[in-house]
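Quick notes on the structure that follows.
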Protein chains: 2
Amino acid sequence: MSKTKIRNMEEFSAICGISRPTLSKFFNDPTSVRRSTRAKIEAALEKYDYRPNIYAMNQNRTKTRTIGILVPYLADPFFSEIGRAVELACIEAGYSPLLLSSHGSRQQEVDNLDLLRGLKPAGVLLAPLGRDSDAEVIRRFGRDVPLVLFDANIEDAGEAFVGSDNFQSIDLMVDYLCRSGQPPCLFEMKSPVNPNANKRRAAYLDSMARHGQTAHVFQADGTGWDFEEIGLNAGGRMLADGAFPTDTILCSNDRLAIGMLSAAFGLGIRVGHREGAALRVAGHDDHPFARYTAPPLTTIAQDYSAIAARAASTLFALLDGGDHTPSREETLFDGRLVMRDSA
Amino acid sequence: MSKTKIRNMEEFSAICGISRPTLSKFFNDPTSVRRSTRAKIEAALEKYDYRPNIYAMNQNRTKTRTIGILVPYLADPFFSEIGRAVELACIEAGYSPLLLSSHGSRQQEVDNLDLLRGLKPAGVLLAPLGRDSDAEVIRRFGRDVPLVLFDANIEDAGEAFVGSDNFQSIDLMVDYLCRSGQPPCLFEMKSPVNPNANKRRAAYLDSMARHGQTAHVFQADGTGWDFEEIGLNAGGRMLADGAFPTDTILCSNDRLAIGMLSAAFGLGIRVGHREGAALRVAGHDDHPFARYTAPPLTTIAQDYSAIAARAASTLFALLDGGDHTPSREETLFDGRLVMRDSA
DNA sequence: AGTTAAAATTAACGCGCGTAAAATTTTAAT
DNA sequence: ATTAAAATTTTACGCGCGTTAATTTTAACT
């Protein structure tokens, strides 16, 4: 590696004997130049390590190679996992992913969208906050920038939505729970931030009716993203009060279930699907920690990588196709029942 | 909001009646212009919503307002929490944070450093991978860019290091465990990725000697970042084999402890500090989920926000001071004992 | 060999803004 | 009212690269 510092593409052009416009082509797509010149450039690159100025590159270009990825709350392992999967998909496709978190805040989500607009990304993959989102802002954003939503849907926002089929997954879980013991009560938040919660409640009511069972919905007070805390406190109170008419609780998501398990343990209530257990608890999402709870949590596995891959590939198709597809397509993946010991 | 789209600062200058250089000053520091002109500009901004082009702004500027934040593994809630704290500190100080994850990969860490170099950030806050890091690359990076390390130290890399005092915290935990029951065995990974693990082992040996106790170190095979899995498998085998000579296990970090608790539950071993329990398990870090394990995990709380705030303020001081401080300072925060039910 | 299409070169302009220097205006202080 | 300091305007250049059009070279054919 030679010590001479190269300041710009002009100098690099002089050194490696290739004209600047050709170099410009090369850096935007190495395969767009003849094999022999590509080899020359790459050889020179080895010796002198020059990299074009990112800011100057993107200044004039209308379409950047950046893909914005915005999730509602990165401290939630669900989103850090799916965010990571999406990042990798973008890298593989030759784009530069930029992962942002809204930290559960509506204002932060708007700010991040604003930032992204300034970054002129090729496209954006967005998992919206949900109820707290400014739907109109997101719809407007989708008119300016190729946008694919995942995890949580917002009507008519973006070009497509990729998520999981809550009706299928909840029905699957209800079916299993009814077959293997008492029918489940539903435990959820009164004001859920995530719109999937509403779908899951509807799915639960629907499924219970079809199973000829009486539905029981219990709602926890509390707002924000500290789901475990809410599950622990509200769930603990309900357990202590004997509020649940059956011995089986289906929690709207795993993080609530983790709190509920913690509450049950604190009250000395034995949880599990085996003889001698007093309570069954099931969750939804297959949270990364669900297999390490005590007892390990029976839950529905969302296909993280499939959702991530589909969201990414849908966006890439959009970018390549150029034309905006007339119909907004919604793709839902089936959940998979994961039977562990808690139910 | 008027509909006329403003393309550049020139047009905006014409519309609001302020010269372009003054506008340029304003956007780089609103307080640097006279109060009356600032009011005029902000009024026009309300009406026409113009934002300067990010790329053009940063192209010529030597010092960007971007602060790079690089953590080893964002899917680990410890790092997503501390990353978030650092992000907020940067925003408050008027910088634009950019949070990146190395996903546990050495190559990704190098790539991210490369990316950051191209972004010409004002400074970088780095929590290195640790053993897997390319120390020489990081040291070189620190010579080009103002760099502060946190969580894991690398000798002579960057201008400062902020972390927690493992000798203090482990001694505190050992002391508590010895006072309240049998002396602890140490459970750790044989090839820990994080250098804190080595410090903790040394601290454990040291502390046990000072307490006049025999040290017992148990090392789990397995590599990578799936600590819970490793704790569950290796810990479970050791428990089943009756490998531990005392009834108290100090895990090198909470994620191993979570795996160990899961293993103990699976084996029907009752964990806790109360009468009737067969095993005590303690961790280190106060992982966000540590309070929801069964039983809740006794651990050492690292002061996340203090470490984040200090790392950030150290970097800001560096940026303002201009001169590189001659001495590389290392700041260590004390850990706090969190007594829950597991030990 | 000649023909042609593909690729590279040359030359030149523009992007949107940072920034510097000099001239001018405004503000604050005497 | 006088003066000095501070803020703004004018003018003008440059950053590093994208991009285009016209020209020349190269490679792949008949």
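To find a chain, count down the sequence lines: A is the first, B the second, and so on, and within it residues start at 1.
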Measure the distance from [atom1] on [X] to [atom2] on [N] and round it to the nearest whole Å.
X     : N      : atom1 : atom2 : value
B/I18 : D/dT10 : CD1   : P     : 10 Å
B/D29 : D/dA7  : CG    : C1'   : 14 Å
B/Y55 : C/dG14 : OH    : C1'   : 19 Å
B/R34 : C/dT27 : CZ    : P     : 5 Å
B/M9  : D/dA12 : CE    : P     : 20 Å
A/M57 : C/dC17 : CE    : C1'   : 19 Å
B/F12 : D/dT9  : CZ    : P     : 13 Å
A/N28 : D/dT20 : CG    : P     : 12 Å

Over all heavy atoms of both residues, which pair between [X] and [Y] is shortest? Give the atoms and the distance, please.
X      : Y      : answer
B/S102 : B/L70  : OG-CD1, 3.4 Å
A/C90  : A/F316 : CA-CZ, 3.9 Å
A/A122 : A/I67  : CB-CD1, 4.4 Å

Strictly under 6.0 Å, is that where the ring centroids of B/Y50 and B/F27 end up? yes
Centroid-centroid under 6.0 Å between A/Y73 and A/F78 rings: no
How do B/K40 and B/Q59 order along DNA chain D: which one's closest nucleotide is nearer the 5' end? B/K40
Under 4.0 Å: is that the gap between some side-chain N or O of [X] and OP1 or OP2 of [N]?
X     : N      : answer
B/T37 : D/dT8  : yes
A/N8  : D/dC15 : no
A/S24 : D/dC17 : no
A/N60 : C/dG16 : no
B/S19 : D/dT10 : no

Nucleotide of [options] approaching [X] most closely (side-chain heavy atoms):
X     : options               : result
B/P52 : D/dT9, C/dC17, C/dA11 : C/dC17
A/N53 : D/dG18, D/dG16, D/dT9 : D/dG16
A/R61 : C/dG18, D/dG18, C/dA8 : D/dG18
A/V33 : C/dA8, D/dC17, C/dG16 : C/dA8
A/T22 : D/dC17, C/dT9, C/dT19 : C/dT9

Given the structure, check if the side chain of A/R20 and the base of D/dG16 hold any donor-acceptor pair shorter than 3.5 Å. no
So what does A/Y50 touch, heavy atoms closer than 4.0 Å: a base, only the sugar-phosphate, or nothing? sugar-phosphate
One pair to check against salt bridge (charged side-chain N to carboxylate O under 4.0 Å, His left out): A/E87 and A/R84. What are the steps and the verdict? CA-CA 5 Å; A/E87 264 194 297; A/R84 175 164 163 270; over 6 Å; no
